[in-house]
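Basis for what follows: all heavy atoms, side chains included, without hydrogens, waters or symmetry-related copies. Atoms within each ligand, like the ligands themselves, are counted from 1 in listed order.
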Amino acid sequence: MSAKKIVLTFPKDKIDKPIVYKLIKEFDLSFNILKASITPDQEGHMVLELDGDKAEIDKAIKHLKDEGVNVEFLSKEIKVNWDKCTQCGACVSICPTEALYIKDRQTMEVAFDPEKCIACELCIRPCPPRAIEVHF
Ligand code: SF4
Ligand code: SF4
């Protein structure tokens, strides 16, 4: 079994097609939609985490490309250096996927869920002590 995070860009003539659902039916994959922004008559963007047999994931990615969908791999990983973090909370409102979140409303403790992170890097600059790092 293997897992891959990918960013899909759909041309506007493809956004109403059930392309992604074929990934379950034809390639026996499961997926998590980590982020989606699709507006009628415009380009659509989706971040998916695919789980399944590696060979089937490769076939599914080829299928997406053949359908005219642009596929990019998320090869970056975001890590929080908790030794540097001051728990200021500045990153929480910026994070679009709630990967950075308030774990405890009493103490306002900040936590990070790497499963939800799409490596957009929006949190990097606003972090005063530079506690959020990008690893390649
Ligand atoms: S890179 Fe930062 S802002 Fe972007 S999803 Fe990951 S934790 Fe959130
Ligand atoms: S912005 Fe930086 S210092 Fe503040 S809570 Fe987030 S990771 Fe910690």
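Counting non-hydrogen atoms of other residues, nucleotides and ligands closer than 6.0 Å to CG of D58 gives a total above 12.
Of all protein N/O/S atoms, those lying under 2.8 Å from atom 8 (Fe) of ligand 2 come to 1.
Scanning the protein for heavy atoms near atom 4 (Fe) of ligand 1, the closest one is C120 SG, 2.3 Å. What sits closest to atom 2 (Fe) of ligand 1 on the protein, heavy atoms only, is C123 SG, 2.3 Å.
In this structure, the salt bridge (Lys or Arg N to Asp or Glu O under 4.0 Å) partners of E121, at least two apart in sequence or on a different chain, are K76. With sequence neighbours excluded, no residue forms a side chain to side chain donor-acceptor pair (under 3.5 Å) with D83.
Inter-residue side-chain proximity for L100 and I132 is flagged as met; some heavy-atom pair is nearer than 4.5 Å. L23 places a side-chain heavy atom less than 4.5 Å from the side chain of L48. Between E26 and K59, every side-chain heavy-atom pair lies at or beyond the 4.5 Å cut-off. Side chains of K5 and L34 form a contact here, defined as non-hydrogen atoms less than 4.5 Å apart. In this structure, the side chains of V7 and M46 stay at 4.5 Å or more apart for every pair of heavy atoms. Considering only heavy atoms from C-beta on, R125 stays 4.5 Å or farther from C127 through its side chain.
Using a 4.0 Å cut-off to heavy atoms of T97, the atoms of ligand 1 that qualify are 5 (S). Numbered from 1 in the order shown, with element, the atoms of ligand 1 that lie under 4.0 Å from a heavy atom of P96 read 3 (S). Within the listing of ligand 1, atoms 3 (S), 5 (S), 7 (S), 8 (Fe) sit less than 4.0 angstrom from a heavy atom of C95. Near F112, meaning under 4.0 Å from any of its heavy atoms, are these atoms of ligand 1: 7 (S). When each atom of ligand 1 is checked for a heavy atom of C117 under 4.0 Å away, the hits are 1 (S), 5 (S), 6 (Fe), 7 (S). For ligand 1, the atoms lying closer than 4.0 Å to a non-hydrogen atom of L100 are 7 (S).
A heavy-atom separation below 4.0 Å is not found between I94 and ligand 1.
Evaluation of the ring-ring contact (aromatic ring centres under 6.0 Å, His included) test over residues 73-115, restricted to residues two or more places apart or in two chains, returns none.
Distance alone, capped at 3.5 Å, is enough to place a donor-acceptor pair between the D53 side chain and the A55 backbone.
Under 4.0 Å from ligand 1, the heavy atoms of E121 that appear belong solely to its backbone.
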